[in-house]
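Reviewing the structure listed below.
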Amino acid sequence: MSSLPNPLPDAEAQCRQLAELLRPQLHRQPALVGIYSGGAWIAERLCQLLGLPEEIGLIDVSFYRDDFAEKGLHPQVKPTVIPFDAEGRHIILVDDVLYTGRTTRAAINELFDYGRPASVELAVLADRGGRELPVAATYGVWDVTLATGESLVLDRNDADRLRWRLEHA
């Protein structure tokens, strides 16, 4: 039995909260990089909410995961696009759910292929704990505990609104 709120929190409202947490950092002219797919959607939303003039970066960590040999290639690999010079930039890496830290590690490894940023911070909507690597979000709005076999999944409805759903393994 899940201890999650019913209904699940409003992901759009969480994006607005996250934008307000990031707003004080705008003087550093950060570049947003979203991790496919949920993080990419959130980065797009944050860019709109913050009125950022620069296009966001999008990153697919499929080839950088340390479990690539076990899982193989995801059937929907998307191209990584970093439309700015990462060298010396303040990067805010954006993801939907932080769990073990392995996706974040893979994203940082790939990001460094594009240059050496001045800093990399992590912004997430949900932090579910369970870390296997020493990774922490700089900005987050929801600490959540899930039961064994539960996963949070961010998706978009037909009106392009972000929403959470709970999956059971």
Side-chain angles (χ1 to χ4, degrees), residues 2-5 7-25 28 30-47 49-50 56-68 70-71 74 76-78 80 82 86 89-114 117 119-156 161-169:
S2 178
S3 61
L4 290 174
L8 292 173
D10 180 345
E12 292 289 341
Q14 288 178 319
C15 284
R16 291 189 294 275
Q17 288 177 287
L18 194 55
E20 290 312 307
L21 292 175
L22 296 176
R23 195 169 298 284
Q25 299 305 315
R28 295 171 47 197
L32 298 180
V33 176
I35 301 173
Y36 282 115
S37 62
W41 298 333
I42 296 164
E44 289 170 356
R45 198 67 92 234
L46 291 171
C47 188
L49 291 167
L50 295 168
I56 64 168
L58 302 169
I59 200 163
D60 186 324
V61 300
S62 297
F63 295 113
Y64 287 77
R65 291 198 54 101
D66 59 6
D67 58 359
F68 179 76
E70 293 171 26
K71 290 186 173 185
H74 189 278
Q76 296 176 338
V77 173
K78 297 184 173 29
T80 291
I82 307 294
R89 289 297 299 270
H90 294 284
I91 306 289
I92 298 176
L93 196 58
V94 182
D95 205 1
D96 50 358
V97 179
L98 174 58
Y99 184 30
T100 64
R102 293 184 180 281
T103 297
T104 303
R105 184 214 43 90
I108 291 170
N109 283 356
E110 184 169 359
L111 188 58
F112 270 73
D113 285 351
Y114 291 86
S119 66
V120 178
E121 296 179 307
L122 178 62
V124 299
L125 287 191
D127 183 341
R128 64 172 286 182
R131 229 58 95 236
E132 295 173 1
L133 299 174
V135 172
T138 311
Y139 311 98
V141 296
W142 184 27
D143 290 330
V144 60
T145 303
L146 299 178
T148 303
E150 290 181 330
S151 294
L152 272 176
V153 177
L154 188 70
D155 64 13
R156 292 193 291 195
R161 287 188 48 82
L162 299 176
R163 64 180 178 197
W164 289 113
R165 80 186 144 74
L166 186 63
E167 285 188 353
H168 300 275

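Taking CG from D113 and CD1 from I59, the interatomic distance works out to 8.5 Å, rounded to the nearest 0.5 Å. Taking CG from L18 and CD from E20, the interatomic distance works out to 10.0 Å, rounded to the nearest 0.5 Å. Atom CD of residue E12 and atom CZ of residue R156 lie 10.0 Å apart, to the nearest 0.5 angstrom. Atom-to-atom distance recorded for D127:CG and L152:CG is 11.0 Å, nearest 0.5 angstrom. To the nearest 0.5 Å, the span separating CG on D10 from CH2 on W164 amounts to 11.5 Å. Note that CG of L8 and CD of Q14 are 9.0 Å apart. Values are rounded to the nearest 0.5 Å.
Within the 4.5 Å cutoff, side-chain heavy atoms of E150 are placed close to those of H168. Under the 4.5 Å side-chain criterion, counting only non-hydrogen atoms from C-beta, I56 is not in contact with L46. Two residues are said to be in side-chain contact when any heavy atoms from C-beta on lie closer than 4.5 Å; R128 and S151 meet this criterion. Put simply, the side chain of S119 reaches to within 4.5 Å of the side chain of R28, judged on heavy atoms. Taking the side chain as every heavy atom from C-beta outward, W142 and L125 never approach each other to under 4.5 Å. You'll find the side chain of R45 reaches within 4.5 Å of the side chain of L162, heavy atoms only.
Here W41 pairs with nothing under the ring pair (Phe, Tyr, Trp, His ring centres under 6.0 Å) rule; sequence neighbours left out. Listed by chain and residue number, nothing satisfies the salt bridge (Lys or Arg N to Asp or Glu O under 4.0 Å) test with D143 (two or more places apart in sequence, or in another chain).
Smallest separation of non-hydrogen atoms from I42 and D96: CD1-CA, 3.5 Å. In terms of heavy atoms, L32 sits closest to A43 at CD1-O, 3.7 Å. L154 and A11 make their closest contact through CD1-CB, 3.7 Å (heavy atoms, listed as atom of the first residue, atom of the second, distance). Residues A86 and Y114 approach most closely at CB-O, 3.6 Å, considering heavy atoms. In terms of heavy atoms, A123 sits closest to I92 at CB-CG2, 3.9 Å. The two residues Y99 and R131 have their closest heavy-atom pair at O-NH1, 2.7 Å.
The backbone N or O of D60 sits less than 3.5 Å from a side-chain atom of T80, completing a donor-acceptor pair.
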Notebook entry, point to check: Should R105 and T100 be marked as a side chain to side chain contact (heavy atoms under 4.5 Å, CB included) after you check the CA-CA gap, both sets of side-chain angles, and the distance that decides it?
Noted result: CA-CA 10 Å; R105 184 214 43 90; T100 64; over 6 Å; no

List the steps and the verdict of side chain to side chain contact (heavy atoms under 4.5 Å, CB included) for L146 and L166. CA-CA 9 Å; L146 299 178; L166 186 63; 4.2 Å; yes

